[in-house]
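Notes to accompany the following structure.
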There are 2 protein chains.
Amino acid sequence: MMDRTHSIIAKLRVKPGERVKLKERDPRDSSLFGDEQDTKAATATLAEDIDVLQDSLYAEGSRALLVVLQGTDTSGKDGTIRSVFNATGPLGVSVTAFGTPTKTELAHDYLWRVHAACPRRGTIGIFNRSHYEDVLIAKVRNFASKKAIEQRYDQINAFEKMLVENGTTILKFMLHISKDEQKERLQERLDDPRKHWKFNPGDLEDRNYWDEYQGAYETMLHRCSTGHAPWYVIPADRKWVRNAAIASIVKATLEEMDPQYPKASWKPNDFAIP
Amino acid sequence: MMDRTHSIIAKLRVKPGERVKLKERDPRDSSLFGDEQDTKAATATLAEDIDVLQDSLYAEGSRALLVVLQGTDTSGKDGTIRSVFNATGPLGVSVTAFGTPTKTELAHDYLWRVHAACPRRGTIGIFNRSHYEDVLIAKVRNFASKKAIEQRYDQINAFEKMLVENGTTILKFMLHISKDEQKERLQERLDDPRKHWKFNPGDLEDRNYWDEYQGAYETMLHRCSTGHAPWYVIPADRKWVRNAAIASIVKATLEEMDPQYPKASWKPNDFAIP
């Protein structure tokens with residue numbers, strides 16, 4: 001792993017038990033990277049490397065990578081997926097977006113739909129929002145009792161530990177944007193008719209709860225960044241920084257997993273193709 | 001639609017009721033395209049266009065596109081997906097590979113797992129193999145009675161008609177390769193240690209049934225190329241021809257669907273972002 005990746009991980013990873021103050025993490029920080037154009041080019045190369053590593057992961061067929069993307073509206077979850085994972089493509093990557101639970105989903109525990117969407121061995125699964133909504137919006141908007149929310153942190157840790165012990169590596173990225181940046185991005189959706197469909201008047205209501213959400217994120221980071229499934233707080237006001245940071249961490253994680261092409265149980269000379 | 005795309009569709013689409021003789025369709029044919037390098041560059045542009053069209057499809061949110069890829073081992077299903085759909089990426093495209101049915105799947109009718117995997121509105125779904133295996137391998141290897149197989153053609157047509165009437169456009173591509181080309185590609189898998197994992201000794205057994213498979217494909221094309229869900233026979237010995245043909249047809253189909261960004265029910269000036 002390169003020195004720069006070490007610094008990125010050291011700076012952005014939330015240590016188990018750490019109490020992150022989001023106000024002290026600058027969403028516009030670009031100090032981990034150099035020139036913008038060079039960094040964009042490097043990210044494109046990282047995306048190609050991730051594709052190559054996923055190919056071995058697929059060939060190996062015994063482990064999976066789960067990437068959780070959480071962040072407020074407009075924080076750039078879709079953009080991250082395009083930048084980091086399009087080179088790998090739909091053959092190796094599945095994306096699940098978690099929206100308001102359906103009636104059927106609500107008829108089960110909150111992890112039921114999440115478990116069903118976990119990536120199969122050999123693939124990369126991306127959660128666009130996730131079970132963490134159940135300690136974020138559910139907490140801020142009181143969709144569950146305080147006691148139920150409180151229990152969920154440990155439940156989630158246990159669930160993720162089980163996934164890890166059964167061969168799924170987990171990376172969790174919080175896309176950290178500033179309230180000002182969100183304003184700009186929401187305004188863009190109003191100004192550009194092609195983006196109107198992305199604008200949901202209800203998002204403005206959530207914006208009124210900005211501080212409560214930041215508080216819920218801080219509790220989530222404190223309670224659920226574990227040794228087995230760490231959270232990273234990604235400075236996300238600058239898209240190129242966000243993409244570069246996530247691509248670096250994903251690549252380093254896959255390298256550490258070190259997937260291997262399986263050895264054949266036969267010898268090439270055993271076969272003559274008719 | 002451009003003239004070239006018209007010719008591609010006219011030449012490769014199987015008309016309802018048509019009896020295709022696969023021996024009369026040259027898998028190495030490249031007469032629909034010009035220079036190889038120019039064609040590859042044009043395919044990359046088509047892939048970008050498909051991404052843009054899928055974005056409108058997603059915004060519109062009311063229809064889906066289902067792309068069925070069928071072909072013998074090594075016919076290039078994975079390669080097609082990478083070439084035509086990586087620009088759109090995993091956010092807009094989901095791939096389902098259908099392998100040997102599991103016990104749970106076998107406990108249902110053969111269309112059950114297929115229906116569950118159909119693309120949600122706004123997205124492109126790709127079937128890497130499909131329900132057509134149930135009239136191909138199932139027929140050649142006698143996995144079902146003759147009567148059951150015979151019934152399936154009409155069942156499949158009715159199932160696909162229902163999908164189309166409910167908003168899913170269907171494109172079906174048979175990747176047509178020659179027996180010699182398959183030999184070369186299988187040999188590559190034996191010769192290149194990085195490709196060993198792709199080689200399945202059982203594939204050689206299927207190769208012994210080459211003519212029976214070609215016959216089953218011909219029946220399938222005859223019985224199931226319908227006005228609502230046409231089959232295309234794609235010359236697939238040359239990868240660049242295969243990719244160019246499929247990208248052209250997918251783009252033309254999306255253009256014909258003509259997805260529209262929805263009109264907002266509000267006016268931008270209705271909102272001031274706090």
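Letters A, B, ... mirror the listed sequences (proteins, then strands); counts begin at 1.
The side-chain heavy atoms of B:Lys263 and A:Trp197, taken from C-beta on, include no pair separated by under 4.5 Å. For the pair B:Leu91 and A:Lys77, the minimum side-chain heavy-atom distance is 4.5 Å or more.
Residue B:Asn128 touches chain A through its side chain alone, counting heavy-atom pairs closer than 4.5 Å. Of the atoms belonging to A:Asp203, not a single heavy atom falls under 4.5 Å from chain B. Only the backbone of A:Ala87 comes within contact range of chain B, with at least one heavy atom under 4.5 Å from a heavy atom of that chain. For A:Asn208, the part sitting under 4.5 Å from any heavy atom of chain B is the side chain, from C-beta outward, and nothing else. For B:Thr88, the part lying near chain A is the backbone, with the side chain staying farther off; criterion is any non-hydrogen pair under 4.5 Å.
Within the model, atoms CG of B:Leu190 and CH2 of A:Trp266 stand 5.0 Å from one another, a figure rounded to the nearest 0.5 Å. Annotation: the span from A:Ile273 atom CD1 to B:Arg185 atom CZ amounts to 13.0 Å, rounded to 0.5 Å. Residue B:Lys198 holds its NZ atom at 9.5 Å from OH of A:Tyr58, rounded to the nearest 0.5 Å.
Between the B:Arg194 side chain and the A:Tyr261 main chain, no donor and acceptor come within less than 3.5 Å of each other.
For A:Arg121, the CZ atom sits in a loose shell: 12 or fewer heavy atoms of surrounding residues, nucleotides or ligands are nearer than 6.0 Å. At most 12 heavy atoms of other shown residues, nucleotides or ligands fall within 6.0 angstrom of atom CZ in A:Arg120.
Of the listed residues (B:Phe199, B:Phe85, B:Trp210), the one with the most heavy-atom contacts under 4.5 Å to chain A is B:Phe199. For the set B:Ser94, B:Pro262, B:Pro274, the count of heavy-atom pairs under 4.5 angstrom toward chain A peaks at B:Pro274. Each of B:Ile124, B:Ile126, B:Asp51, B:Thr96 has some count of heavy-atom pairs under 4.5 Å with chain A, and the biggest count is that of B:Asp51. For the set B:Ala264, B:Ala59, B:Gly89, the entry with the most heavy-atom pairs within less than 4.5 Å of chain A is B:Ala59. Comparing B:Lys267, B:Gln182, B:Lys183 by heavy-atom pairs within less than 4.5 Å of chain A, the highest count is held by B:Lys183.
Considering all non-hydrogen atoms of both residues, B:Pro90 and A:Asn86 come closest at CD-OD1, 3.4 Å.
Taking B:Ala41 as the reference, nothing meets the side-chain contact (heavy atoms from CB on, under 4.5 Å) condition, with sequence neighbours excluded.
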